[in-house]
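If you're wondering where the values come from, they're calculated on a predicted model, not measured in any experiment.
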Amino acid sequence: MRNFKVIVIALSLALAVGCKKKKDADTGTNTASGSSDMAGSNMAGSGSDMAATPDAAVAVEPPKAIVNTMAADLKWVPLDEKAGDKGPMVSWLYGDAMKEPNGFFLKVGAANKGMWHTHSAGYHGVVVSGAPNHLQDGETKAKPLPAGSYWFEPGGAAHNSQCLGKEPCVVFVHFTEGKFDFAPAEMKKDGKPDPTYVEKREKDLKWSALVPEAGDKGPMVAVVWGDPASGPSGAFIKSPAGMVSPAHSHSADYHGVVIKGTLMNYAADDKAPKEMGPGSYWMQPGGGNHITACKAGSECLSYVYSVGKFDMAMAPGADMGGGAGSAGAG
């Protein structure tokens, strides 16, 4: 661990590199361009006869400190109490899903054909495991989205989410401008996909260096919606195995999901940081100094949603040079 290479994560500068300013995807425009041969959904109604509003939605108070939740510690409950564990399962992460912007993990069993439905607000989805596919109005066939894929589903658009593979599908879903509701819908044979729907697979992402001097040897970022230089945004980040950032802070809160590798996010004085594997979640409060690290052995892939401008300020006395990583950093 003491041999980890320290990489200065100049997030505010790097995230602005190659990022064109565009309207937030929740208003119907995304920085990523996606095919329209599928419709994104949060798979909320997949295989269940749930009511127009999710039975299991609960209020989750915004955390005031760093939150690290390992995949094994997630609390799963039925999205539809009538369907029980035979239907979609949900793990609420933040926000009151019935009233305000929110985020959660959704798990759908294998060989699930889903059902057609709509949501009032648009939402963003990220595939953590499995390979769901998303049909939009008028479509009868869709390509699967493997782990590390992203999609945006506009509000009001009829769509169907499926998990047709042999393993369950787990996705991270977040509504940035409205509550999570659900209404059954019917597919129109002459329907057309909503033009603001977006989907991106990992192979389609446009990567740029977080630290220009480090190039592709350092952390890489792929912004998929929003403009991190001016407001809310979502981006994938690839961190090299063994990376340890200097202590730093951001103005706004951000939410992160681990897709590959083992990642740690912890306060500078934390001597025993928690190791988060795929399917884990963390929340970093704005203004709090912290260190982000990727355990040696495998690079880390994560998705980060910043609720505001994604800037960075180095903590007083932060180690800016090369050398050993912070003690206990993984």
Side-chain angles (χ1 to χ4, degrees), residues 8-36 40 62 94-95 100-103 121-127 148-155 157 172-178 194-202 204-216 218-239 245 248-257 259 265 282-288 290 292 301-314:
V8 179
I9 315 249
L11 296 174
S12 58
L13 172 64
L15 281 176
V17 176
C19 176
K20 295 181 179 180
K21 291 187 177 181
K22 291 192 176 184
K23 194 176 181 182
D24 189 332
D26 290 322
T27 64
T29 304
N30 284 263
T31 56
S33 59
S35 63
S36 59
Y94 66 89
E100 61 188 358
N102 59 91
Y123 72 86
H124 305 271
V126 174
V127 182
S149 299
Y150 161 86
W151 79 96
F152 168 73
E153 176 62 41
F172 170 62
V173 172
H174 62 100
F175 286 74
T176 61
E177 294 191 0
D194 190 301
T196 61
Y197 171 73
V198 172
E199 68 178 28
K200 282 282 186 180
R201 294 165 180 78
E202 185 177 357
D204 302 322
L205 300 177
K206 305 300 182 183
W207 297 96
S208 60
L210 274 171
V211 182
E213 295 78 7
D216 60 7
M220 303 292 288
V221 62
V223 178
V224 290
W225 68 272
D227 181 2
S230 62
S233 64
F236 288 96
I237 297 178
K238 286 194 297 188
S239 303
S245 80
H248 62 283
S249 65
H250 310 279
S251 296
D253 296 354
Y254 78 79
H255 303 270
V257 175
I259 302 170
N265 187 77
W282 83 97
M283 195 290 300
Q284 175 58 49
H290 63 285
T292 304
L301 176 65
S302 59
Y303 170 79
V304 170
Y305 157 50
S306 178
V307 302
K309 181 179 178 180
F310 197 19
D311 56 8
M312 177 180 175
M314 301 305 299

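Judged by distance alone, with hydrogens and angles left aside, the side-chain atoms of Ser149 form no donor-acceptor pair with the main-chain N or O of Val127 at under 3.5 Å. Looking at Asn102, its side chain never comes within 3.5 Å of a backbone N or O of Tyr94 through a donor-acceptor pair.
With sequence neighbours excluded, the residues satisfying ring-ring contact (aromatic ring centres under 6.0 Å, His included) with Tyr305 are His174, Trp225, His255. Every residue two or more places apart in sequence or in another chain that forms a side-chain contact (heavy atoms from CB on, under 4.5 Å) with Asp216 is listed here: Met220.
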Test log, rule side-chain contact (heavy atoms from CB on, under 4.5 Å), inputs Val223 and Phe310: CA-CA 11 Å; Val223 178; Phe310 197 19; over 6 Å; no
Step-by-step side-chain contact (heavy atoms from CB on, under 4.5 Å) determination, Glu153 to Tyr197: CA-CA 5 Å; Glu153 176 62 41; Tyr197 171 73; 3.6 Å; yes
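At least one side-chain heavy atom of Trp282 sits under 4.5 Å from a side-chain heavy atom of Val304. Residues Val257 and Val126 form no side-chain contact, since every pair of their non-hydrogen atoms from C-beta on lies 4.5 Å or further apart. Using a 4.5 Å heavy-atom threshold, the side chains of Ser239 and Thr292 count as separate. Looking at heavy atoms from C-beta onward, Glu202 lies in side-chain contact with Leu301 at the 4.5 angstrom threshold. For the pair Pro285 and Asp253, the minimum side-chain heavy-atom distance is below 4.5 Å.
In terms of heavy-atom proximity, Asp311 sits nearest to Ser251 at OD2-OG, 2.5 Å. Heavy-atom minimum distance, Ser249 versus Gly288: CB-O, 3.5 Å. Of all non-hydrogen atoms in Gly215 and Ala209, the two that sit nearest each other are O-CB, 3.6 Å.
When each of His124, Arg201, Glu199 is paired with Tyr150, the side chain to side chain donor-acceptor pair (under 3.5 Å) condition holds for His124 and for no other.
Note that CZ of Phe175 and CD of Glu100 are 13.0 Å apart. Values are rounded to the nearest 0.5 Å. For the atom pair NZ of Lys309 and OG of Ser233, the computed distance is 11.5 Å after rounding to the nearest 0.5 Å.
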